[in-house]
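One structure is given here, and the rest of the page talks about it.
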Amino acid sequence: EQARARGVPVDNDVGLLFRALAASDFDDFDTPPRVVCVTGSNGKSTTTALIGHILETAHVPCQVGGNIGKGVLALDPIHDGDVLVLELSSYQIETARSLAPDVAVFLNLSDDHLDRHGGRGGYFAAKARLFELGAPERAVIGLDEPEGRALADRLRGRGMEGESPVVAISASRKLPDHEPAVTARKGFLAERRGGRQTASADLREMETLKGAHNHQNACAAWAACRALGLAPRVIEAGMRTFPGLAHRMERVAER
């Protein structure tokens with residue numbers, strides 16, 4: 001607060017990372033590095049780890065960090081074709097002066113950190129900076145809460161030549177056919193583009209992705225990996241071998 005009162009710019013490690021990426025010379029790279037950022041109230045860590053696992057099984061060089069594992073400035077130097085998969089909290093997003101993800105994911109919003117952000121509206125505004133300041137090429141938005149639907153409405157039509165950057169996801173709602181979407185109903189994931197189903201996957205036997213909340217995470221990871229150019233069969237194969245995270249839906253015993 002004292003720095004801001006004196007007009008001193010305040011930034012954090014996430015902002016410094018994106019500023020470094022913008023200043024770096026990647027012209028010599030055959031494939032420029034890409035950044036996927038995941039935010040929301042619940043499921044961020046699982047979704048981030050799942051995206052990283054799918055990329056690893058597809059032999060795409062990637063690093064996972066941010067609010068999970070390594071801090072962003074502790075990641076290894078970036079090489080040709082690298083993908084950074086970052087979990088970002090509202091705290092990290094609200095104080096970053098630079099945000100420029102290629103793919104940004106908004107999962108959901110619930111009452112959390114309200115003392116920090118002055119209420120649910122302030123909390124949502126902090127999350128939304130990732131999409132409004134960052135202007136991602138693809139925005140994967142969960143439409144199961146009103147905040148996600150409002151964010152999607154804001155972003156529609158901002159893409160190249162009026163094309164919407166939004167890919168809608170849901171584990172509880174039937175979504176309009178005209179918009180790219182990934183949904184999960186009764187244990188089956190379905191991807192739709194141009195008004196028709198283009199891919200599907202059976203989530204019922206994926207032991208580490210049980211429950212509607214994890215089906216939403218699976219939809220988000222699927223949409224993000226598709227935005228990075230991975231084929232459906234490659235994504236499904238990665239999801240089937242996902243080990244899950246400690247203390248999240250771990251099987252303890254059977255009787």
Side-chain angles (χ1 to χ4, degrees), residues 36-58 64 66-69 85-90 103-113 120 123-124 127 139-149 151-152 166-175 180-192 197 199-227 230 232-255:
V36 179
C37 293
V38 180
T39 195
S41 295
N42 306 297
K44 296 189 299 297
S45 296
T46 295
T47 302
T48 302
L50 178 56
I51 294 169
H53 177 78
I54 293 168
L55 292 171
E56 287 175 0
T57 58
V64 175
N67 202 43
I68 179 176
V85 187
L86 307 178
E87 175 190 332
L88 297 184
S89 70
S90 58
V103 181
V105 178
F106 177 88
L107 292 167
N108 48 54
L109 199 83
S110 59
D111 290 341
D112 204 358
H113 307 305
R120 191 178 175 109
Y123 179 40
F124 174 56
K127 298 281 191 187
V140 178
I141 309 292
L143 301 191
D144 291 335
E145 282 83 29
E147 289 85 0
R149 296 192 287 275
L151 180 59
V166 173
V167 180
I169 62 168
S170 174
S172 66
R173 300 170 64 87
K174 188 178 186 307
L175 302 181
V182 182
T183 58
R185 302 187 72 186
K186 298 182 179 179
F188 288 92
L189 179 149
E191 178 184 1
R192 297 187 65 85
Q197 182 171 310
S200 64
D202 188 346
L203 303 174
R204 295 174 299 173
E205 301 305 317
M206 298 183 186
E207 293 295 333
T208 57
L209 294 172
K210 293 289 188 186
H213 63 296
N214 272 326
H215 290 176
Q216 186 193 49
N217 297 338
C219 289
W222 182 287
C225 289
R226 290 288 281 146
L230 271 63
R233 59 182 178 79
V234 173
I235 300 173
E236 183 176 3
M239 290 169 65
R240 289 191 180 280
T241 60
F242 178 55
L245 294 178
H247 316 302
R248 277 120 167 135
M249 298 296 288
E250 283 189 286
R251 176 167 293 181
V252 178
E254 284 190 29
R255 289 188 62 151

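Along the sequence shown, the residues carry numbers beginning at 1. Since the model is a prediction, treat every value here as computed from it, not as a measurement.
Heavy atoms only, all atoms of each residue included: Cys225 and Ile54 are closest at SG-CG2, 3.7 Å. The heavy-atom pair separating Ala152 from Val166 by the smallest distance is O-CG2, 3.9 Å. Nearest heavy atoms, Ser41 versus Tyr123: OG-OH, 2.9 Å. Of all heavy-atom pairs between His215 and Leu209, the closest is CD2-O, 3.3 Å. Lys44 and Ser89 get closest at one heavy-atom pair: CE-CA, 4.4 Å. Minimum interatomic distance between Glu87 and Ile68 (heavy atoms only, all atoms of both residues): OE1-CB, 3.3 Å.
Between the CG atom of Leu143 and the CG atom of Leu175 there is a distance of 5.5 Å, given to the nearest 0.5 Å. In this structure, CG in Leu203 is found 14.5 Å from NZ in Lys186, a value given to the nearest 0.5 Å. One distance of note links SG of Cys37 with CG of Asn67; it measures 11.5 Å at 0.5 Å rounding. Between the CZ atom in Arg226 and the CG atom in Leu230 there is a gap of 8.5 Å [rounded to 0.5 Å]. A distance of 12.5 Å separates CD of Glu56 from CD1 of Ile51, quoted to the nearest 0.5 Å. Between atom CZ of residue Arg192 and atom OG1 of residue Thr183 there is a gap of 8.0 Å, rounded to the nearest 0.5 Å.
Side chain of His53 to backbone of Gly238: a donor-acceptor contact under 3.5 angstrom is found. Formation of a donor-acceptor pair under 3.5 Å by the Thr46 side chain with backbone atoms of Gly43 is not found in this model. In terms of modelled atom types and a separation under 3.5 Å, the side chain of Lys210 and the main chain of Glu205 share no donor-acceptor contact.
Residues Val167 and Ile141 are not in side-chain contact: their nearest non-hydrogen atoms beyond the backbone lie 4.5 Å or more apart. Put simply, the side chain of Trp222 reaches to within 4.5 Å of the side chain of Leu189, judged on heavy atoms. You'll find the side chain of Lys174 reaches within 4.5 Å of the side chain of Arg185, heavy atoms only. Using a 4.5 Å heavy-atom cutoff, the side chains of Met249 and His213 are in contact. Between Val64 and Thr48 there is a side-chain heavy-atom pair separated by less than 4.5 Å. For the pair Leu107 and Asn42, the minimum side-chain heavy-atom distance is 4.5 Å or more. At least one side-chain heavy atom of Arg248 sits less than 4.5 Å from a side-chain heavy atom of Ser45. Annotation: side chain of Leu151 is in contact with side chain of Phe124 (closest heavy-atom distance under 4.5 Å).
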Note to self: Under the criterion side chain to side chain contact (heavy atoms under 4.5 Å, CB included), I'd like the reasoning laid out for Glu250 against Glu207: C-alpha separation, chi angles, the key distance, then a yes or no.
What the structure shows: CA-CA 9 Å; Glu250 283 189 286; Glu207 293 295 333; over 6 Å; no

*Check the pair Leu86, Val38 against side chain to side chain contact (heavy atoms under 4.5 Å, CB included), reporting the backbone distance first and the verdict last.*
CA-CA 6 Å; Leu86 307 178; Val38 180; over 6 Å; no

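The pair Arg240-Glu236 meets the salt-bridge criterion, since a charged nitrogen lies less than 4.0 angstrom from a carboxylate oxygen.
Inspection of the Lys127 and Thr39 side chains reveals an N or O donor paired with an N or O acceptor under 3.5 Å. Counting only N and O atoms by type, the side chains of Ser170 and Asp144 include a donor and acceptor under 3.5 Å apart.
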